[in-house]
Amino acid sequence: MSDSMNQQESAALRQEVQVHYRSDYEPFPYDIQSVYLNFKLNPEATVVESVLEVQRRAGFAPDERLCLDGVNLELLSVAIDEQPLDESQYQLLEEGLEILKVPDSFKLSIQVKISPETNTSLEGLYLSNGKYCTQCEAEGFRKITFYPDRPDVMSKFIVRIEADAEEFPHMLSNGNRIEYGELEEGKQFALWEDPFKKPSYLFALCAGDYDLLTDNFQTMTGREVRLEVYVDKGKLDQCHHAMESLKKAMKWDEDVFGLEYDLDIYMIVAVGDFNMGAMENKGLNIFNTKYVLASQDTATDTDFIDVEGVIGHEYFHNWTGNRVTCRDWFQLSLKEGLTVFRDQEFTADQTDHGVKRIEDVKVIRSHQFAEDAGPMAHPIRPDSYIEMNNFYTVTVYNKGAEVIRMYQTLLGRDGFKRGLDVYFERHDGQAVTCEDFVRAMEDANHYDLQQFRRWYSQAGTPEVQIRSFYDEQKRRLRLGFKQSCPDTPGQKDKEPFHIPVKVGLLNDSGQDIELKPITVGDNDAQVEGDIIHLKSTEQSVTFDDVPPNAIPSLLRGFSAPVKLDYNYSQGDLIYLFAHDSDSFNRWQAGQELFSQVIFELCDKLEAGQELFFSDAVIQAVKNILDNTTLDGQFQSLALTIPSINALMEEVDSIDIDYLIEARNYLKHTLAQELELDWLLHYQTNHHVGDFEQDKEAISRRAIAGTCLSYLMALEKDDVYQLALKQLGSANNMTDASTALQLIVHSNYENKLAVAEDFYQKWQNEELVVNKWLVVMATDPADETIDRIESLLDHPSFELKNPNKVRSLISAFTSANPSQFHRADGRGYQYLARQIKALYAVNPQTAARLTGAFNRWRKFDEKRQMMMREQLEEILQMPELSKDVFEIASKALK
Ligand code: B3K
Ligand code: ZN
C-alpha cells in the first residue's frame, strides 16, 4: 500500500517538474531603472523592503502583467506609487507574485519577511558562523524578495542595511558605502550604492564581526582602489596570500588584456558554509574559506596555487561576467568558459605552462569525458534544464574553457585579443549570448566560424581516429583522419566538428622535423603551421621529406577536447615519453604507456595468466626519474599512474576489481624494481630546514612525495619510518599531508593512532580537519566503510556544511573506487543514505552527490543492479528536491 502511494506521489512530482528550454527565451517586458533595498536584519525574521522604479519597455502591450519571482517569502505588503494593493490586485503563486494591472511607469514597493536562520540551502540570505551572507547565482535572489530574477534584467542598486552595532560591526553590500550612522537601541545602518547596472544574481550582502586585512592597488590609469579581505576572527594571518593573489590578478588583467578595475573598493569575504568555491558579486566577492585562507602550516602548495587561481577567476569575472553578462542561464559558458580560460592562463603565467596544461587536461579526461559519456551529457550551451544549479558543470566550465582555447589556437593570440576587444566594445553593460561572442571573434578577424559553432550545440566527446601510411620510396607520410561523435541523450547523428589538431614529427634522434605538407587530393585537410584543420568525417594529410621511422606526436598541447585513437606501439610511446618536445604530449605518452600496460594486465588477470610487463617500461620510468633537466612537478606528474577514474573512461565496460588489481601490480612492480632509485631521489629532494615556497622548493616537494608514494607500496617497516619522520618533522602542510595520506592508506599497524594524533593536533583548524576527513574517506582498506559510517557522528563532521560533505562523502565516492564499488554494495548504500538525509537540507549539494551514480551502466551486472536500486529508492523519496530528481531520473533514463 505505502509503496504504491509513494509511486503515485513521485509520478505526480514528475509531472509537476517544469523543464526550461533555451528556445523559449522571451525578453522581460519591463525595465527596472533602479532598485532600493532595505534590510532589517534578524535571524528568524529579516524584513526586506524593496522599491523598484519600473517602466514598460517599448513594444509591450499595456495589458501585460508584471510577474516577479519569489520563493519562501512571506509577503507583508505591496504598493504601486504608494497605493497599497489589495488581494484582488495581485496573485501569490507558488514561486512568484503576479500583479494584474500596472501603469506604464511606476514605483513598486514590496515588503517581505524571510528567515535566514532556517535557510540551510545556502542560497539567498543565510547565516554562516553567526554572520549574514548571501548567494544569489543562479536563482537565489528570489529567496530574498520578489523580483524579475533573471540575468537580462539589469538595474542600479542602492542597499540599506540595519542591524545590531555590536554584533554586526561590518555591514557590506555592492559598490561604495555612501552613508553610515548609528540608530537607537544599539543599532546602526549602512547605505551602499553600486553605480553599475547589474542583474540580481550579482547582488550581495554580508554582515558580521570579522577580522579585516586592507591594502591598495593603483590601476593602470592611476586610480587608487582599496582592497579588503574579511575573515573570521583569528584568521588574519591566513589571508595575506589571498591579498597578494588579488593584486597579481588585477595587474595581470591589465597587462594581458588591458582590462582595468572600475570601482574604488574591492572586497572579499570568506565564509565557512558555501555551496561552491566562490562568487563574483560586483565589488563584494564571497568566498569559501578554502579559497582564501592559506598559511605554510595549514595549506599545501596546491592549496596556495588554487587560492590564487580562484581569486583570479572571481576577479576576472568583473569584465567577463559582470560588465558583460549572460542573457539567460543557457549562456552560462559565455562567462564561465571564458573566465576559466582566463584563470588557467593566469595560473600558467604565475607557475609553469606545461605543468598547468597537464593539470587542466586531467580534469577534462577524468571528469568532463565522464560527464559527456553519461546521462547528464549536454553541450557547453545546454538546450534545457530542470534545475539550473545542476548545470554548473565541468562541461560548461572546463570544456567551455577548451572551446575558448581553440579560438586562440585558430586565430592566434593577437586575433583572439582583437576578438575580445570587439566583444567588450560592442557589449559592455549588456546581457548577451554565446552567439554574440562568436560573432565578435568572427568580425574582428574576418574568420568563418560557422562550423566551429557546433562546439556550442553538440554534446559528447568527439573521437578522432588517426592512421599513418609511410611510402618509403617517396619518403612521404600520410596521416588519415576519421572523426565521429557518439550519440548523447536527445542528440543523434552529429555533424563533423572543426577540430584543430596540433602535430609534430620526431626523427630518430628525438628532434622535431620540419613539416612539409603537400597537396595530393580532394580529401586533404588544410594545414597551417603545425595545425591540421579537421572539418569533415574523413580527411588526410601528406607530409613530404619524412625520414623512415619518424614518429608522429599528435594532438600536441591537447589542442582540442577529443579522444584520440592511434595505434602507438609501446616502443613509440617510450620514445615519445623520452623525447617529445611538447611537454603535454610527453606526459601523455607516459600515461598511455601506463594504461596500455594496465589493460594488458587486466587481460592476463581475466585469462588467469601470470602477471608481467616489459622491462622497457621500467627503464622508461627510470629515465624520467633520473633526468635532472626535468622540472620536479613535471616528473611527479609523468611518474604518476593514471587514476582509476581516468582509466575507466578508456573502456566501455569495467571490471573494477581487475582494474584496481592491475594498477596496484604496476605500481608495486615499479616500486620494487626501482627501489633504490626512489629512495635516492627521495633523499635528495626531501628537504628539512627552512621553508621555501619558490618554484624549486615546490618541485622538490612534488617529486619527493611521488618517490615516497612508490616506496610505501613496498609495505616495509623502514619506509613506514621514513613517512612517520616526514610527518613528525614537517614544517609545512604539503609534506605533512602527503605523509599522513601515505601512512593512513598503508597497512602500517599503528596507522589509526597516527591519524588520531594528527586530528588532535589540528582539530581547531577546520580546513586541515577537512583534509584529514578526505584521507580517512579515501583509505582503500575494507574497514573504511565502517569508519566513515562512524565519522558521520564525529565532532569534525556536519552534514549541513558542504565542505564537510565534500571531504567525507564526495572524496569517498570519487577517490576511493575499491570501497565505493564494494561488491557487497555497502558503498552505494552509504551514499544513498546521505543523499536521502541531505536533499531537503541542501538540495544543491545533495544533487552533486547523486552524480556519483551516473556511470552505473559501465559496471558489471550485479553492481549495475545495486546502483540502480539505490537510484530508484531515491526517486521514491517524499518531496524530493528537483535538483536530485533531475540527476537521479536522468541517470535511469
Ligand atoms: N559564478 C559562481 C558559481 C555560482 C554557482 C551557482 N550554483 C562562481 C564562479 O564560477 O565563479
Ligand atoms: Zn566563474
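Just so it is clear, the values below take in all heavy atoms, side chains as well, and ignore hydrogens, waters and symmetry mates. For ligands, and for the atoms within them, numbers begin at 1 and follow the listed sequence.
Taking the six-membered ring for Trp and thresholds of 30 and 60 degrees, Phe316 and Trp252 have ring planes inclined between 30 and 60 degrees apart. Using cut-offs of 30° and 60° for the angle between ring planes, the Tyr423 and Phe437 rings count as perpendicular. Classified by interplanar angle (parallel below 30°, tilted 30° to 60°, perpendicular above 60°), the ring pair Phe203/Phe39 is parallel. Taking the six-membered ring for Trp and thresholds of 30 and 60 degrees, Phe157 and Phe141 have ring planes more than 60 degrees apart, a perpendicular arrangement.
If you number the atoms of ligand 1 from 1 as listed, the ones under 4.0 Å from a heavy atom of Asn389 come out as 6 (C), 7 (N). Numbered from 1 in the order shown, with element, the atoms of ligand 1 that lie under 4.0 Å from a heavy atom of Glu280 read 1 (N), 2 (C), 8 (C), 9 (C), 11 (O). Shown in contact with Gln844 at under 4.0 Å from a heavy atom are these atoms of ligand 1, numbered in order with element: 7 (N). Close approach of ligand 1 to Lys335 (heavy-atom distance below 4.0 Å) involves ligand atoms 1 (N). Those atoms of ligand 1 that come under 4.0 Å of a heavy atom in His317, given as number and element, are 9 (C), 10 (O), 11 (O). Using a 4.0 Å cut-off to heavy atoms of Met279, the atoms of ligand 1 that qualify are 1 (N), 2 (C).
With salt bridges taken as basic N to acidic carboxylate O contacts below 4.0 Å, none links Lys290 and Asp306. A salt bridge links Arg453 and Glu435; the closest N-O separation between the charged side-chain nitrogens and carboxylate oxygens is under 4.0 Å. One finds a salt bridge joining Glu345 and Arg405 here, because a Lys/Arg side-chain nitrogen approaches an Asp/Glu carboxylate oxygen to under 4.0 Å.
Taking each heavy atom of Gly283 and Leu263 in turn, the nearest pair found is CA-CD1, 3.9 Å.
The closest protein non-hydrogen atom to atom 10 (O) of ligand 1 is Tyr397 OH, 2.5 Å. Nearest protein neighbour of atom 8 (C) of ligand 1, counting heavy atoms only, is Ala278 O, 2.9 Å. Scanning all protein heavy atoms for the shortest distance to atom 1 (N) of ligand 1 gives Glu137 OE1, 2.5 Å.
Put simply, Glu280 stays out of reach of the Zn ion (ligand 2), with no N, O or S atom under 2.8 Å from it.
Ligand 1 does not have Met388 within reach: every non-hydrogen atom of the residue lies 4.0 Å or more from it.
For Tyr266 (side chain) and Leu246 (main-chain N/O), no donor-acceptor pair under 3.5 Å exists by modelled atom type.
If you look at Phe274 and Tyr291, their ring centroids are not closer than 6.0 Å.
Note: angle at the Zn ion (ligand 2), from NE2 of His317 to OE2 of Glu336, is 80° (rounded to 10 degrees).
The shortest N/O to N/O separation between Glu336 and ligand 1 falls below 3.5 Å. Any N or O atom pair closer than 3.5 Å counts here, and Gln135 shares no such pair with ligand 1.
Here Glu123 has no heavy atoms under 4.0 Å from ligand 1, in either its backbone or its side chain.
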